[in-house]
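Worksheet for the structure shown next.
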Amino acid sequence: MKRVLMHEKRLSALDTAFLCLESAQAPMHLGALAVFGADHAGPADHLVEIVSERVGRLPCLRQRVRPAWLPPGSAVWVDDAVFDLKHHIHLHDLDGG
């Protein structure tokens, strides 16, 4: 494990507790579903482009958790070098139209 760098932000005690409690049998993460309607359908990739532009303004949305060396059991937020928004947005046609 790497040492915590000055620009890395340590997880809060509560966030660390949830991370430690997470398992396949007891998922502690949150999910969201957004349903959008429009008068006319545009290309689905356009939504990804819009969200990508906005995510570019907020670096914290492109980070992941990495274990930290000290104190034992702690973790920090680090930039995700291979972040790809397409792995986080999934488009589904709910009504067949």
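Remember, it's a predicted structure, so these values are computed and weren't measured experimentally.
- In this structure, OG on S12 lies 10.5 Å from CG on L19, to the nearest 0.5 angstrom.
- L14 and M28 fall within the same hydrophobic cluster, where Ile, Leu, Val, Met, Phe, Trp and Tyr residues are linked whenever their side-chain heavy atoms come under 4.5 Å apart, directly or through other members.
- Taking E49 as the reference, nothing meets the salt bridge (Lys or Arg N to Asp or Glu O under 4.0 Å) condition, with sequence neighbours excluded.
- Atom OG of S74 sits about 12.5 Å away from atom CG of D15, to the nearest 0.5 Å.
- Residues forming a ring-ring contact (aromatic ring centres under 6.0 Å, His included) with F18 (at least two apart in sequence, or on another chain): none.
- Here the straight-line distance linking atom CZ of R54 with atom CG of L61 works out to 12.5 Å at 0.5 Å rounding.
- Here the straight-line distance linking atom NZ of K9 with atom CH2 of W77 works out to 9.5 Å at 0.5 Å rounding.
- Proximity of L11 to V65: side-chain heavy atoms (C-beta onward) are separated by under 4.5 Å at one or more points.
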(message) What verdict does the side-chain contact (heavy atoms from CB on, under 4.5 Å) test give for H87 and D84, after you've listed the backbone C-alpha separation in whole Å, the side-chain angles of each residue and the deciding distance to 0.1 Å?
(response) CA-CA 6 Å; H87 294 155; D84 185 349; 3.7 Å; yes
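- One hydrophobic cluster holds both L85 and L58 under the rule that ILVMFWY side chains link at heavy-atom gaps under 4.5 Å.
- Remark: P27 pairs with E22, H29 by the side-chain contact (heavy atoms from CB on, under 4.5 Å) rule, at least two apart or across chains.
- Between C20 and G73 the shortest heavy-atom distance is SG-O, 4.5 Å.
- Note that the OG atom of S52 and the CZ atom of R62 stand 8.5 Å from one another [nearest 0.5 Å].
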(message) The test is side-chain contact (heavy atoms from CB on, under 4.5 Å); show your working for V55 and F83 and say whether it passes.
(response) CA-CA 11 Å; V55 166; F83 178 80; 4.1 Å; yes
(request) Take R64 and D80, measure what salt bridge (charged side-chain N to carboxylate O under 4.0 Å, His left out) needs, and give me the verdict at the end. (result) CA-CA 6 Å; R64 65 182 310 129; D80 185 350; 3.4 Å; yes
